[in-house]
Amino acid sequence: MNDATLLERLAAYAPVLGNGAVMTLLVAAVAIVGGFLLGAVLLGLTLTGGRRSPLRLAVVAYISFFRGTPMLVQLLMLFYLPSALGVDLPPLLAAMAAMALNSAAFQCEILRGGLTAVGQGQLEAGAVFGLTPRQVFRHIQLPQMARAVWPAVVSEAIDVIKNSAIVSVIAVADLARAARQIVASNYRPLEVYVATGLVYLVLTAAVFLLGTWLARRMAGSRHASRAVIRRNAIRKT
């Protein structure tokens, strides 16, 4: 084996691995966005009613199930349960739904932690300085919540990308399945899986760098929020 031959083989793998990487990103993006939206809804349900509210207890059970059972089991349950009920669920849709439902349980807890980032005194101070409830939410509550939960959200996005490898078991043509297909054709597992690992590393590094850049942008918005509060305070005086 020489370097030229190895490089030629890696170049031949690139289109297949590239297509798999695109599918991995698609599944992960849907899971993250869907999980965030569902997680916000779940958090809202836990904040309504008392501690013994049926809705709150249902959400607690949901979170306990999805955080306490293996992702692979959840995926297979969601894939085979519709079939048992006579519904033909496409593998890609089942994969996206399972990943989103799992991520929602974790993101609900992330958002719950973000609620503690803003003290009640700050909200009351905003009202004293003449801010409307919408301005208080936009300039005081939302920026602080976003900065508090952002590192955890980025970490969850990276975890989703890595965990998405399991969707290949239900024949979704993601990066992991693309690697197995290549290995089945050339019987060179070491170099194929090393190349696949590097692709996953590039994807997660890109998410981390994007998250870091957005975090800096959010830090800049803090100064804009302070300027709004100062302007309202000057007008009030």
Side-chain angles (χ1 to χ4, degrees), residues 1-36 38-39 65-107 153-211:
M1 182 193 310
N2 55 57
D3 292 339
T5 304
L6 175 60
L7 291 176
E8 289 174 359
R9 289 200 300 270
L10 293 177
Y13 305 156
V16 179
L17 294 179
N19 291 334
V22 171
M23 181 60 69
T24 291
L25 286 176
L26 175 62
V27 173
V30 172
I32 285 294
V33 174
F36 181 85
L38 180 56
F65 174 79
F66 280 97
R67 295 185 68 187
T69 58
M71 180 65 208
L72 178 59
V73 174
Q74 299 165 19
L75 175 65
L76 294 176
M77 285 180 58
L78 190 61
F79 181 64
Y80 289 111
L81 181 60
S83 299
L85 300 175
V87 179
D88 187 16
L89 190 64
L92 179 59
L93 182 58
M96 291 177 173
M99 297 291 294
L101 291 172
N102 178 272
S103 182
F106 289 91
Q107 294 199 65
V153 171
V154 173
S155 178
E156 172 65 11
I158 292 173
D159 286 341
V160 168
I161 290 176
K162 294 186 296 184
N163 293 337
S164 67
I166 68 170
V167 304
S168 61
V169 303
I170 59 172
V172 175
D174 73 322
L175 183 55
R177 184 172 179 82
R180 287 207 296 270
Q181 290 173 338
I182 295 173
V183 171
S185 65
N186 69 0
Y187 302 101
R188 296 179 183 273
L190 179 59
E191 65 186 48
V192 174
Y193 287 124
V194 168
T196 303
L198 291 175
V199 176
Y200 275 112
L201 182 60
V202 169
L203 295 180
T204 55
V207 171
F208 174 78
L209 293 175
L210 178 61

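Within a 6.0 Å radius of OH in Y200, more than 12 heavy atoms belonging to other residues, nucleotides or ligands are found. Heavy-atom neighbours of F65 CZ from other residues, nucleotides or ligands within 6.0 Å: above the threshold of 12.
To the nearest 0.5 Å, atoms CD1 (I182) and CZ (R180) are separated by 12.0 Å. The distance from atom CG of L76 to atom CG of L81, rounded to the nearest 0.5 Å, is 12.0 Å. Note that the CG atom of L38 and the CD atom of Q107 stand 9.5 Å from one another [nearest 0.5 Å]. Here L75 contributes atom CG and Y80 contributes atom OH; the two are 9.0 Å apart, rounded to the nearest 0.5 Å. Taking CG of L201 as the start and OG1 of T196 as the end, the distance is 12.5 Å to the nearest 0.5 Å. Between atom CG of residue L78 and atom CG of residue L101 there is a gap of 6.5 Å, rounded to the nearest 0.5 Å.
Salt-bridge formation is detected for the pair D159/K162: a Lys NZ or Arg NE/NH1/NH2 atom is positioned less than 4.0 Å from an Asp or Glu carboxylate oxygen.
Pairing each heavy atom of N163 with each of M99, the nearest pair is C-CE, 4.1 Å. When all heavy atoms are compared, the tightest approach of L17 to A195 is CD1-CB, 4.2 Å. Of all heavy-atom pairs spanning V160 and S103, the tightest one is CG2-OG, 4.1 Å.
Residues R9 and L6 meet the side-chain proximity criterion, which asks for heavy atoms closer than 4.5 Å. Here the side chains of I32 and I161 are not in contact, with every heavy-atom distance at 4.5 Å or above. Taking 4.5 Å as the limit, some side-chain heavy atom of L26 sits within range of a side-chain heavy atom of M96.
Checked by atom type and distance alone, the side chain of D174 never pairs as donor or acceptor with a backbone atom of M23 at under 3.5 Å.
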